[in-house]
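What follows is a set of notes on a single structure, which appears directly below.
Worth knowing before you read on, the calculation uses all heavy atoms, side chains too, and leaves out hydrogens, waters and symmetry mates. Model, not experiment: these values are computed from the prediction.
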Amino acid sequence: MFKPVSSRLNITLLESEILRFWKKYDIFHQSMDSKEGGPEYVFYEGPPSANGKPGVHHVLARVFKDMFPRYKSMNGYHVSRRGGWDTHGLPVEIEMEKRLGFSNKQDIEDYGIAKFNEHCRDSVFTYIQDWEKLTDRIGYWVDLDEAYITYENSYIESVWWLLKSIWDKGLLYQGFKVVPYCPRCGTPLSDHEVAQGYAQATDPSIFVRMPLVEEENTSLLVWTTTPWTLPGNVAVAAHPDIEYVKVALGEGANKEYLIMAKPLLEKVLGDQSYAVVKTFKGKQLKGKHYRPLFTFMPIEKDAHFIVLADFVTTEDGTGLVHLAPAFGADDMQMSLEYDLPILMTVNESGRFINDIRPWAGMWVKDADPLIIDDLAQRGLMFKVGSYEHTYPFCWRCDTPLLYYARSTWYIRTSALKDRLVALNENINWYPEYIKHGRFGNWLENNIDWALGRERYWGTPLPVWECETCHHQLCVGSVAELEELTGRNLSDLDLHRPYVDNVHLVCPECNGRMSRVQELIDVWFDSGSMPVAQWHYPFENIDTFKEQFPADFICEAVDQTRGWFYTLHAISTLVFDSHCFKNVISLGMILDKDGQKMSKSRGNVVDPWDVIDKHGADALRWYLYTAGPPGQERRFSEDLVGEVMRTFTLTLWNTYSFFATYANLDEWSPSQDVKPEYSDLDRWLLSSLHALIRDVTEAYETYNVTAATRPIEKFVDQLSNWYLRRSRRRYWKTESDSDKAAAYATLYEALQTLAYLLAPTMPFMAEEMYRNLVLEVEPEAPASVHLAEWPKYDPSMIDEKLNRDMVTVMKLASLGHAARNSENLKVRQPLAEAAFVVGNADEQSVVADFADLLMDELNVKEVSLLGSASEAVEFSLNPLPKQLGQRFKAMFPRVRQTLLVLPADQSARKLLDGKRLTITLEGEEFEITPDEVEVRAEAKEGYAVASEGAYLAALVTDLTPELVDEGLVREFVRRVQSLRKDADLDIADRIHLYYSASERLTKAISSFQDYIMEETLAKTVTSGETPENLPMLRDEFDDEFVRISIEKI
RNA sequence: GGGCUAUUAGCUCAGUUGGUUAGAGCGCGCCUCUGAUAAGGGCGAGGUCUCUGGUUCGAGUCCAGAAUGGCCCA
């Protein structure tokens, strides 16, 4: 016996029971332990940070992460799924600053780094319970008890080891990074802060001559709005593909040549007269040297020549851009590319340094007019004006921000660009376009990783520098630090400020060494997890080797340049290996109007609202099926409700139907009656095995929609076609081989669905499995998640049968349409339905599925209308695909020729499988039946419906017997609804009493046996009805009836 | 400003190597079926496939440009 299944589903109750069951028997750990010794499948959890509440977008990532480990586990793989938490970084600090009411770094220093960091450490798990609860509730199986935590000493030590490896390869270096900087506050501003302070500003707009060294009397014309940056100039950038010109201006002694971009000639020179001497592409300027405007500072490297850059535009200026690497991000980038010197002409207060003699100590903006004068006096100023634009100011003090180079640490990832690109080829991306698009482009244009952060709560950069001789060394472990200091540091917290208090003796000069101030980018933390989660190489050496690289990772698309990149970069740098083999990059979740979900918009959907209402499975299923995973998706609770109605409940009720009737019949998979499968059964099983095949294939290629949507379609066909057409087979009293086949087929389908749904709807699958499988097979694994993934049997798949059933469905649909067109209710039996089908192949379906069609359409007979039929008129539809490909440009004429042929006659030929011959411009062509569709239409006077090559026609004449039978079916339906209203059980027997009008009474008595069978009536009595029984009166088709039933 | 991506019915999405009448589900209206179902079936309303050019006998599909949304980076 199966556990009874109510047709009413209480989803939250069901899911909570299953959660209890999983917990009680620790099924999650069993699912790992039981596969010990099997092949490893490696999954990496991208660590979330628990200092904010989890939202529906976290659910998205988590359910996608969950399905593949579950699938692989069912296929015999051992999948350990270690959780992790990201705990460092600026967001944590900002949250804490807010709470403590701080507004800048000085506040933190005054408060004390130790105390501040202690608060940060405490705050990172503020919402950990929300995370754990939600993770558990949605059925995401991940090992949070063993989760790695990025702030732990062991984790940091592994990160140090990685940094040391990179240091040893000479790839960790100190350089400059240009940041928006407030000279008054003495601090860089974050992007967020900069965005608050944009305002309209007027700056000088000057055009300066930079004379070329090797071309007489010829200057580059260069534009800038920041004259104070000119003493820092080291190069000029031109666009490689823009056209430049050399123009001649002036007369006699004033004659000179200028070089600038051609499209900007008019704008810059206005109505001055000039002559274009030469036109050429920007790339031809590359490497030409010019005389520096200023020579205040000594320069050791080659400088003052033309470089090529894509960021040069022809919107403003001259198409030649002055580069001062200390004061512009693009400029700095070019200096790395061309190895240019970096001239720090300005100090941290925004004033010129002493080397800049005429203006030393002057606030740079004040120096602008003086610099302009100086250049003008030397004949280098071509034109002076002013320029209005938006410019960022400090949101605190309104000082104009300077873009200013600060010393910081970099990883020279650009040195390994080719490896980064090559190793990306080993990765399977889903969606595929990310590989060579967003990610590949990013790698191709790789720039060095700016690693340093001047902050407090994070992994300290383990570089010590000598205060005397500036010798630097990188420390890769606590043991190494102990050796260098000769102290026991096993209790040392590796965070600031404690680690800053560790000083070393310089091996070069015996001076005192201190740690540099910086922390590292928090992305380096998470990108280190393959190594650091195991405290490799200090422990778990074998485990690390077994768990690297990952088979599968999955996060949202915003991680492309975040975690995906840092994983890839670190493993390329340290191991020369890719880090993950398969990756799914998920689209973002938007609200129902396509807007980004954000707290400020107030459109954030709380996952709990959805889960409490529709359950975790429905939410999961929605997320898998709603659209391609890589695409952003609009989310609303209603759409999850739709999953519930159209999929979950359909499946549930099929399952409930099965359990109910199987129990009534005491059917079990081991019963002795040998099943005799019908075509309908064979069709369902054929579809089922094709489904197993397709879903398995989809999992193997990480195609989530293909692994889920077909299941939905199958369930729809199972319920609304197979079961609807088979219902009577379960109702009938005798337990024959046909009934056995019906049960066996439905059972196999439902049981298989439990397995196929296990990775995606773990709750529903568990419920079905435990009832359908465990109840009859107590030795089976206790959970579907411990069971084996089903294998398909190719011999069960009958493609022809699958196609035929599609045709049958189409004919049935047309039959219904035909009834509808004449307002003929399905309850009214008709004498005959006749069909036309498109081609010879399909003609057998009408005979093969005659019973099914008769039953579905409530007709006494079905037949096939041949090509000779009088009832049908044919026309030709030349098929553009076939004929177009064959005749190309001739197609329109071929089509015309076919359309003017005598349609009826040609169609009959084609229907008999013969070819047509047409003549076109004196040439003869044979047209095959595949190239023309024959369309059928009924002549007047029949109830018909047609679509393309298919047609259904109904014989509408009614005999008195057919009318009687129709009346009886109306009567039966009313008895049934009375039974239902009276809350009778489906198997309850009744006494049936009625009184009715004369015609109906006659009909009822002549179909008495049929009525008794349909309504489970032991007796049918006409006349007076006993008192106090459920009763119904009704009128239909000019007849009157009163019905009462009595439960026996 | 740059890169990537998307835009098809009121909503959520399909749409094969280009094939002439662009589909499904939900929602809406009418009808119908039902002792598994919160369901099923039929009909109907609802589309300048974001726009502009181009290639082609033929473009939702290919190419170029633009607009708008999203993500990332400046």
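- A/Thr413 pairs by the side-chain hydrogen bond (donor to acceptor under 3.5 Å, both in side chains) definition with A/Asn446, not counting sequence neighbours.
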Taking Watson-Crick and G-U wobble pairs with both distances under 3.5 Å, convert RNA chain B into its dot-bracket string, 5' to 3', dots for unpaired and | for cross-strand pairs.
-> (((((((..((((.....[...)))).(((((.......))))).....(((((..]....)))))))))))).

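- With sequence neighbours excluded, the residues forming a salt bridge (Lys or Arg N to Asp or Glu O under 4.0 Å) with A/Lys613 are A/Glu637, listed by chain and number.
- For A/Tyr722, the side-chain hydrogen bond (donor to acceptor under 3.5 Å, both in side chains) partners two or more places apart in sequence, or in a different chain, are A/Asp681.
- Between A/Glu970 and A/Arg974, at least one side-chain nitrogen of the basic residue sits less than 4.0 Å from a carboxylate oxygen of the acidic one, meeting the salt-bridge criterion.
- Partners of A/Asp981 according to the salt bridge (Lys or Arg N to Asp or Glu O under 4.0 Å) rule, which considers only residues two or more places apart in sequence or in another chain, do not exist here.
- Applying the salt bridge (Lys or Arg N to Asp or Glu O under 4.0 Å) test to every pair with at least one member in residues 717-728 of chain A, sequence neighbours left out, gives these pairs: A/Arg724-A/Glu856, A/Arg725-A/Asp855, A/Arg725-A/Glu856, A/Arg728-A/Glu1014.
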Nucleotide N/O of nucleotides 14-17 of chain B paired with protein N/O under 3.5 Å:
unit_1 : atom_1 : unit_2   : atom_2 : d
B/U17  : O4     : A/Lys881 : NZ     : 2.7

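- With sequence neighbours excluded, no residue forms a side-chain hydrogen bond (donor to acceptor under 3.5 Å, both in side chains) with A/Ser7.
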Below 3.5 Å between N/O atoms, which protein atoms pair up with nucleotides 60-67 of chain B? Just atom names and distances, please.
none

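- Listed by chain and number, the residues in a salt bridge (Lys or Arg N to Asp or Glu O under 4.0 Å) with A/Asp521 are A/Arg453 (sequence neighbours excluded).
- Taking the side-chain hydrogen bond (donor to acceptor under 3.5 Å, both in side chains) definition, one finds that A/Ser414 meets it with A/Asp448, sequence neighbours left out.
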At under 4.0 Å between heavy atoms, which parts of nucleotides 25-30 of chain B does protein reach? Answer with one letter per nucleotide, 5' to 3': B base, S sugar-phosphate only, - none.
-> SS----

